[in-house]
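Read the structure below first, then the notes.
If you're wondering where the values come from, they're calculated on a predicted model, not measured in any experiment. Protein chains get the first letters and strands the later ones, always in sequence-line order, with residue 1 at the start of each. FYI, side chains are in, hydrogens and waters are out, and symmetry mates aren't considered; it's all heavy atoms of this structure.
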Amino acid sequence: GLISIIVTDPANPYWLTEGQVAKATAESLGYTANVSAHKGDTNTESTMIDTAITNKSVAIILDPANADGSIGAVKKAIAANIPVFLVNAEINQDGLAKAQLVSNNAQGAAIGAQQWVEAIGDKGNYVELFGNPADNNAATRSNGYETVLTQYPDLKKVGKEVANWDRTQGYQKMQSLLQAHPDIVGVISGNDEMALGAIAALKEAGKLSQVKVGGFDGSPDAVAAVKSGEMQYTVLQPVAVFSAEAVKQADKFIKTGSTGAASEKQLFDCALITKDNVDKYTGPFTLSQ
Amino acid sequence: MTQPSANGISSPAAAVRGTTISPIKLLLKGRAFFALIAIIIVFSFLSPNYLTVSNLLIMSSHVAIYGILAIGMLVVILSGGIDLSVGSILALCGVVAGALMQGVKLTPLGVILFPPVWAVVVLTCALGALLGALNGILIAWFRVPAFVTTLGVMYMARGIALLQTNGLTYNNLAGRPELGNTGFDWLGFNRLFGVPISVLVLAALAVLTGLMLSRSSFGRWLYAAGGNENAADLSGVPVKRVKITVYTLSGILSAIAGLVLSSQLTSAGPTAGTTYELTAIAAVVIGGAALTGGRGTVRGTMLGAFVIGFLSDGLVIIGVSSYWQTVFTGAVIVLAVLMNTIQYGARGIRQ
Amino acid sequence: MTQPSANGISSPAAAVRGTTISPIKLLLKGRAFFALIAIIIVFSFLSPNYLTVSNLLIMSSHVAIYGILAIGMLVVILSGGIDLSVGSILALCGVVAGALMQGVKLTPLGVILFPPVWAVVVLTCALGALLGALNGILIAWFRVPAFVTTLGVMYMARGIALLQTNGLTYNNLAGRPELGNTGFDWLGFNRLFGVPISVLVLAALAVLTGLMLSRSSFGRWLYAAGGNENAADLSGVPVKRVKITVYTLSGILSAIAGLVLSSQLTSAGPTAGTTYELTAIAAVVIGGAALTGGRGTVRGTMLGAFVIGFLSDGLVIIGVSSYWQTVFTGAVIVLAVLMNTIQYGARGIRQ
Amino acid sequence: MSDAATSRPAGEVVLAARNIAKSYNGVRALKGVNFDIHRGQVTTLFGENGAGKSTLMKILSGVVQPTSGEIVLDGQPIVFSSSTDARNHGISIIHQELSLAPNLSVRDNIFMGREITGPTGVNYAEEERQVRRLLAELEEDIDPLTPVEELRLGQQQIVEIARALSVDSRILIMDEPTSALSATEVEVLFSVIRDLTAKGVSIVYISHHLEEALQITDHAVVLRDGNMTAYAPRADIDLEWIVRNMVGENYDLGSPPTGHDFGPVMLSIRELTVPDPAGGGYNVVDRMSLDVRAGEIVCIYGLMGAGRTELLETVAGKLSATSGEIVLEGKEISHLPIGERISRGLALVPEDRQRYGLVQTMSVGQNLSLASIMEFTRGIFTSVKLERALVQKSIRDVTVKTDGPDVPIGSLSGGNQQKVVIGKMLATDPKVILLDEPSRGIDIGAKAEVFRILAHHAAAGQAVVFTTSEVNECLSIAHRIIIMRRGRISAEFTSDITKEKIMAASGEAMAA
Ligand SMILES: Nc1ncnc2c1ncn2[C@@H]1O[C@H](COP(=O)(O)OP(=O)(O)OP(=O)(O)O)[C@@H](O)[C@H]1O
Ligand SMILES: Nc1ncnc2c1ncn2[C@@H]1O[C@H](COP(=O)(O)OP(=O)(O)OP(=O)(O)O)[C@@H](O)[C@H]1O
Ligand SMILES: [Mg+2]
Ligand SMILES: [Mg+2]
């Protein structure tokens, strides 16, 4: 049968890996697989679901575009008797998808923030780069950082800018932030792309040695930056793990009528990548133990 | 822009000539017709699921959103303008509809009002009309270029949609029977004689607009104003009023598209419709209209919308990788128009 | 589109008159000038960090990208066309430069060639020129409307960029001394007399283009072809050649913008430059050019680009929330042009 | 309208301008003009290019507002807020520059803004019926459903006239309605005008074809530099009177230049065949051959639609021939692009100045120098000094009335715009110059001036080919007169032939 895999945007290595791993897993289990991308638009996503229905898919692996906005699309697939397995992001309604496999963003943000404090020390001004506000993960991560960092009263957040997960925007917003706050000691970023943009801006301003940057995702570029010392750390999201797992649960569900997992929502813990363990990073988003 | 010169006025002319032109002939005159046929044939070979009634209907319901926007864009382009704000107005109207469905809190009275669905629809369309009229007034009275005005309104409407929802998405649009506001999902979910309502809405709007363009005085004013604004003005065509009307129409149609979309998705988010203006313009231009105004038909625009929609859905159905989808979409858009140019030859084509 | 009728041709006309016009007067004639002044004053009040030399330079280096694209867009718009593909060509050229910096594997010989930076720059610009020329040929020879052609090339270039990198970003653009290909980051990182190279590149390109438009025969051909293609043709202007040239120029400028951007970021990704075409067109139109062709100046376009850039950076510096940034951007774009319209009054304004 | 009209005595003033003045950005186009329109009569307005005729008419028809002065309608002062307002008061106008929407059909243009509507929207059938009737009245065979952009210039002018006639107006202003019409069509128009005046309609008529205007006029008014300088009823005027009052001296179009010998053949057209560019399936130029020698002035006369425009456009490179040769100074040029032909010394002054002659976004100076940019380009840059010199010389040569080279071309009067088009092509210093209806819209003084320039160029060894619809123009300047009919040469005369013979050869006598 055909498993339709719908990811956000393969132009980002994170989702590229998500799609590729899911496809490879599905093919190894004897399915044909089809990867498409909704680019964050709920309407496109709904179109993709319709297409999956037209193509008589046996299961849909979906990275939902919007916690609220994707519910309708999932319902539509359910109504067509196709089981849906959500990966990477959740929807705000239980009981629709057979499983929701996501990385533990709160846990990841917490370990990231702790590592960040370790690198920077417990006082000074810092700024935050925030992801796309329409995406729940942006707020989850930001809140996770906040919880840890507010424990250090001498760390002052002097600026927070939305850079929409994008490197160019991270670069330009960082340059402007540097103008407004030349005295910062650290940048904490909602993802790696924005962090890499910030690093380029800091390099240009000659401030990379004073200002420490932390990322999130564990993308190959960020790992390279950690290796070279430009980035302090990144938080690895186990995307390769849970997207493979999603396909396996789909397979199990098709064959047995149950996913075999204890609950619908399954959290996968994130791991920290620092200079110390960066050599264990063997493939995109894979940290061998 | 380049097109067969008789294109823009062929439909009123045909209407008058009084000869009954067969639907086939009418279709053949649309520049994107062959592209559409080619697309359907190719994909039918590549996937058995493509040429089925149910898939054609589903694809048409996808086309509906772009198609409705494209109709509004067509009238604007006919007047010699452009409307970049359609996608944003769609989003703002969608979230306002969403907010209304959640109930309006009247703080001083301490009550929450749940307007019935028809009232939500009317209010949303009124909002679209208002934003469109704002565009029109800035363009017609204050002579701000259309591109700048609608770009500005595009940003503003998007920003307001984001502010109003704080970036979040409304998802409970079905309403509740005890509040008397059910029925919102009718537009997006129901079918009449097996045809999705959204497709019927598109068809109705297309026919109405087609009639307006070919049969009403307003239609002729519109073609005249787009063809030679000065001459139209000297002949007593109320050019300013025409302009304000077309932008208002485009605003209303964007609101309708917003309603259809949120009904289809049963959710309304502030980032919906991003870059749809480009798709709508592309549909209009592929359909043979000139960006310089005065030339174009509803028929062509519909063909253009179907070319784009059937192509992108087809690529997804046969499972082409998303990168290749991008490449093919570009190539087909150019080819569709190129084929047409070659077909008609250089004759009658003026720059 | 609406503008003072003498605007587009003021600079060549002034050249003919031969009078020396003071720089102040020149600036005053730009329609976006007052908007820019107002923006600078307002933000200087709101933030002490805004009106500092270092911030002005940083902001200018952000403007550089849009500015370079806008210059290319201006020449295209002057010819009566439009180029939607600039953002995609920027991205494709960026990733090709990135790939070249990683070395070209010559599989049959089993060697990896590392071209020096100047060769990378030349090859990238050649690629930009090629894509631009493709646009130009489709438009001039095959008479495909500019909107459709460049929309198609926009999709195709983006798709090819994605295919080539498989979605990944090239990171290591600094080169290595032992391979003799260092220096790529010079464009984005270095400064000459304290001014970022990217700003100098923008200034140089603006001056060159300005001279070309006002002083060269090509410039005159361009204004004539955009103003009345038929009359230009009969007066011996090689209209087709002019068109192909302007799209080629726009392609080269997009490639340069791509090089500057990837040098600034020291990385090149396939999704760079998305929707930049809209910003570039907005800069040109805010700067007083007419989308119908034949009217517009480099000076105006530069003012337009600075208005957009200084506004959006200012909003970040004073810490306005991102939703309000969107709303303000829209409002200021409309106000900038509205102010100008009011300033010049209805006098001399023709549709 | 007619009940009220018939009760008044003939000759009563229905509309009057009182002390009307108009300035454009400080330039005074009208300096206080008094002008009366008499009921049921034709008042003709004469004046040089830029005298202010069109401006006055635009004021009387509500298109522009006067700076000072008032308009009196039936004895009551009135202000027209727009052209629609004036039309509602029974005043309509045929503009000098065509104001048609090219994308619309003839019918749609005629009823644009005044639709006949029924229960199902616009009543196209009724509109079409009326258009057919109007066109039949004007003896013009045009399908009401043809898009206007596919019509020849003359036909477009007919559409303008038909549009003005379709309004039942009591005052009809015609600003050079016949500049693109042939003698036959002018005759038809005149008979229509006579019918109208008999019904009590007042006509204001403007033309630079003085003899023609004399045939129809009841009153003559002369404007000069924004002032009214003379008035007389028909009985008191003749050609000489008009010319004297218009330009202050007497003008004669002269006679063909003599005293120089013809040189070698400069332009040779051999067996040229050009298919109808509109796709009509026949040849508009049909195996035509023609040799023009250095120093020679050749006039091509013919009825509208004879193919003169297509012939000249093919020679200039705008259209391409299916067979035949075009040889310039012994070299075959039919494969060359327009620009190359111009630099080899072949120039065409096109017939339709708005569509093919002028770049409206450019200044007067830039339009004048457009075809000779290379003349003042040094290296890659244009030379401001050389360009200015060239532009000044052109302005003097063709006597353009302008505030300077930097004003927008649209601010010139119609005739002066025509002179700019002629000046632009003369500035390329051509060896063979083709002019398609060069005298369109220019005043008698300027016409004499243009002909003097042509004669001068001929004497200097250039070859001149021009077309005209006025036989007198052929007779007064050409060494040789070619009559074209249906794409072929039907007769050839030297300058000592009579007007009647020319008209007979062109087929006009039969048509008229
Ligand atoms: N829109 C305008 N702006 C500036 N000046 C104008 C404008 N229209 C006309 N003029 C000037 O007003 C004067 C009178 O022009 P007008 O068109 O009335 O002349 P005319 O008598 O109709 O000439 P012609 O016989 O050439 O048509 C001219 O000097 C012309 O340059
Ligand atoms: N043999 C023919 N049969 C039918 N129609 C013809 C024929 N020859 C010419 N025509 C018509 O006349 C047109 C050619 O007009 P053209 O403009 O060349 O004539 P012209 O002599 O320049 O007249 P003018 O410039 O006064 O309008 C054709 O486009 C066509 O409509
Ligand atoms: Mg006049
Ligand atoms: Mg002719």
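At least one side-chain heavy atom of Y276(C) sits under 4.5 Å from a side-chain heavy atom of T168(A). At a threshold of 4.5 Å between non-hydrogen side-chain atoms, the residues K203(A) and Q264(C) do not count as touching.
Under the 3.5 Å distance criterion, the side-chain polar atoms of Q179(A) are left unmatched by any main-chain donor or acceptor of N49(C).
For P13(A), the parts sitting under 4.5 Å from any heavy atom of chain C are the backbone and the side chain alike. Only the side chain of L261(C) comes within contact range of chain A, with heavy atoms under 4.5 Å apart. There is no contact between Q169(A) and chain C, counting heavy-atom distances below 4.5 Å. Both the backbone and the side chain of L265(C) come within contact range of chain A, judged by heavy atoms closer than 4.5 Å. If you measure heavy-atom distances from Y50(C) to chain A, you find no contacts under 4.5 Å at all. Only the side chain of S61(C) comes within less than 4.5 Å of a heavy atom in chain A; its backbone stays farther off. For a residue to count as touching a neighbouring chain, one of its non-hydrogen atoms must lie under 4.5 Å from one of that chain's; by this rule S47(C) does not touch chain A.
The distance from the NZ atom of K173(A) to the OG atom of S312(C) is 8.0 Å, given to the nearest 0.5 Å. Atoms CG and OG1, on L196(A) and T169(C) in that order, are 8.5 Å from each other to the nearest 0.5 Å. Rounding to the nearest 0.5 Å gives a distance of 7.0 Å between CD of E230(A) and OG1 of T266(C). We find the CG-CD1 distance between L178(A) and I58(C) to be 8.0 Å, quoted to the nearest 0.5 Å.
Ranking P270(C), S267(C), S321(C) against chain A, the residue ahead of the rest is S267(C), based on heavy-atom pairs under 4.5 Å. Residue with the most contacts toward chain C among P220(A), P182(A), S176(A): S176(A) (heavy-atom pairs, distance under 4.5 Å). Between chain C and the options V162(A), D221(A), D9(A), heavy-atom pairs under 4.5 Å are most frequent for D221(A).
Closest approach of Q325(C) and E161(A) over heavy atoms only: NE2-OE1, 3.5 Å.
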